[in-house]
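Accompanying notes for the structure given below.
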Amino acid sequence: MQKEFNLDLENINIVVDELINIINKDTIIILRGDLASGKTTLVKNYVKALGLNDLVTSPTFSLQSVYSNNIYHYDIYNKSLDEFIALGMLEEFEHSGTHFVEWGDEKLQNLLIEYGYNVILVEIEKSDNKRLYKINA
């Protein structure tokens with residue numbers, strides 16, 4: 001299933017509501033988009049929509065952040081798939097919850113699907129104050 005939303009940034013809640021509806025207990029959401037396209041903003045609004053007060057920031061330097069309610073957030077911008085695996089991060093997906101992976105490439109996506117994980121791809125394209133969100137579930 002693929003859905004597209006072309007929205008002003010202030011309407012990101014429409015995409016968040018769609019994700020809340022399609023995410024089941026254990027899901028990995030791969031977020032792809034250019035720098036400043038809104039990957040972290042999407043995670044921030046998802047956490048907020050669940051009524052959580054966690055401070056959501058990009059885990060660029062820490063590689064992973066964990067928020068209440070079993071929400072995991074990864075940023076692998078500076079890591080190859082081999083480095084990600086060597087750091088033991090692949091095992092983190094065994095934790096029950098929702099996992100957001102910024103900058104996850106097609107190799108990671110295929111590996112996760114091969115291992116039997118439920119994977120959703122969200123591609124974000126920016127243009128001025130709007131974003132085109134493509135959700136592939």
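Ring planes of Tyr74 and Tyr72: parallel class, angle under 30° (limits at 30 and 60°).
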Item to check | Glu18/Lys3 under salt bridge (charged side-chain N to carboxylate O under 4.0 Å, His left out): CA gap, chis, key distance, verdict | outcome: CA-CA 9 Å; Glu18 179 64 25; Lys3 289 192 174 182; 3.2 Å; yes

Checklist entry - Phe93 and Leu112: side chain to side chain contact (heavy atoms under 4.5 Å, CB included), yes or no, with the steps? => result CA-CA 9 Å; Phe93 296 126; Leu112 293 172; 3.6 Å; yes

Checklist entry - Taking it one step at a time, do Ile120 and Ile28 satisfy side chain to side chain contact (heavy atoms under 4.5 Å, CB included)? => result CA-CA 6 Å; Ile120 296 172; Ile28 300 169; over 6 Å; no

Next on the checklist: Run the side chain to side chain contact (heavy atoms under 4.5 Å, CB included) test on His73 and Lys44 for me, step by step, so that the C-alpha distance in whole Å, both residues' side-chain angles and the decisive distance to 0.1 Å come before the verdict.
Outcome noted: CA-CA 10 Å; His73 185 196; Lys44 190 178 297 188; over 6 Å; no

Next on the checklist: The test is side chain to side chain contact (heavy atoms under 4.5 Å, CB included); show your working for Gln109 and Leu111 and say whether it passes.
Outcome noted: CA-CA 6 Å; Gln109 180 181 352; Leu111 181 66; over 6 Å; no

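No more than 12 heavy atoms of other residues, nucleotides or ligands lie within 6.0 Å of CG in Asp128, so this atom counts as exposed by the packing criterion. Environment of CG in Asp8: crowded, with over 12 heavy atoms of neighbouring residues, nucleotides or ligands closer than 6.0 Å. Under a cut-off of 6.0 angstrom, the local environment of CD in Glu4 is crowded, with over 12 non-hydrogen atoms contributed by other residues, nucleotides or ligands.
The nearest pair of heavy atoms linking His99 to Glu92 is CE1-O, 3.2 Å. Heavy-atom minimum distance, Ile20 versus Ala49: CD1-CB, 3.8 Å. Across every non-hydrogen atom of Asp26 and Ser96, the tightest pair is OD1-OG, 2.7 Å.
Interatomic distance, Leu108 CG to Leu81 CG, rounded to the nearest 0.5 Å: 5.5 Å. Expressed to the nearest 0.5 Å, how far OG1 of Thr41 lies from NZ of Lys39 amounts to 9.5 Å. Between atom CD of residue Glu91 and atom NE2 of residue His95 there is a gap of 9.0 Å, rounded to the nearest 0.5 Å. Interatomic distance, Ile12 CD1 to Lys48 NZ, rounded to the nearest 0.5 Å: 10.5 Å. Here the straight-line distance linking atom OG of Ser68 with atom CG of Asn53 works out to 8.0 Å at 0.5 Å rounding.
With a 4.5 Å cut-off on side-chain heavy atoms, Tyr46 and Tyr67 do not count as touching. Using a 4.5 Å heavy-atom threshold, the side chains of Glu123 and Tyr133 count as separate. Asn136 has its side chain out of reach of Met1: every pair of non-hydrogen atoms, C-beta onward, lies at least 4.5 Å apart. Two residues are said to be in side-chain contact when any heavy atoms from C-beta on lie closer than 4.5 Å; Leu42 and Leu31 meet this criterion. Using a 4.5 Å heavy-atom cutoff, the side chains of Leu7 and Lys130 are not in contact. The closest side-chain heavy-atom distance from Leu19 to Val122 is below 4.5 Å. Counting heavy atoms from C-beta outward, Lys79 and Leu87 have side chains that approach closer than 4.5 Å. In this structure, Asp82 and Phe84 have side chains that are not in contact, with every pair of non-hydrogen atoms separated by 4.5 Å or more.
Transitive grouping of hydrophobic side chains (ILVMFWY, heavy atoms separated by less than 4.5 Å) keeps Leu132 and Leu35 in distinct clusters. Hydrophobic clustering (side-chain heavy atoms under 4.5 Å, transitive across Ile, Leu, Val, Met, Phe, Trp, Tyr) keeps Val56 apart from Val66. Hydrophobic clustering (ILVMFWY, side-chain heavy atoms < 4.5 Å, transitive): Phe100 and Ile135 are in one cluster. Hydrophobic clustering keeps Ile29 apart from Leu63 (ILVMFWY residues linked when any side-chain heavy atoms are closer than 4.5 Å, directly or through intermediates). Linking Ile, Leu, Val, Met, Phe, Trp and Tyr residues whenever their side-chain heavy atoms come within less than 4.5 Å leaves Phe5 and Ile30 in two separate clusters.
Under the side-chain contact (heavy atoms from CB on, under 4.5 Å) test applied with Leu50, the options Val16, Asn45, Ile71 reduce to a single match, Ile71.
Formation of a donor-acceptor pair under 3.5 Å by the Arg32 side chain with backbone atoms of Ile124 is not found in this model. Remark: the backbone N or O of Ser80 is paired with a side-chain donor or acceptor of Glu83 at under 3.5 angstrom.
Remark: the Ser37 side chain and the Asp34 side chain contain no N/O donor-acceptor pair separated by less than 3.5 Å. A side-chain donor from one of Glu102 and Thr40 sits under 3.5 Å from a side-chain acceptor of the other.
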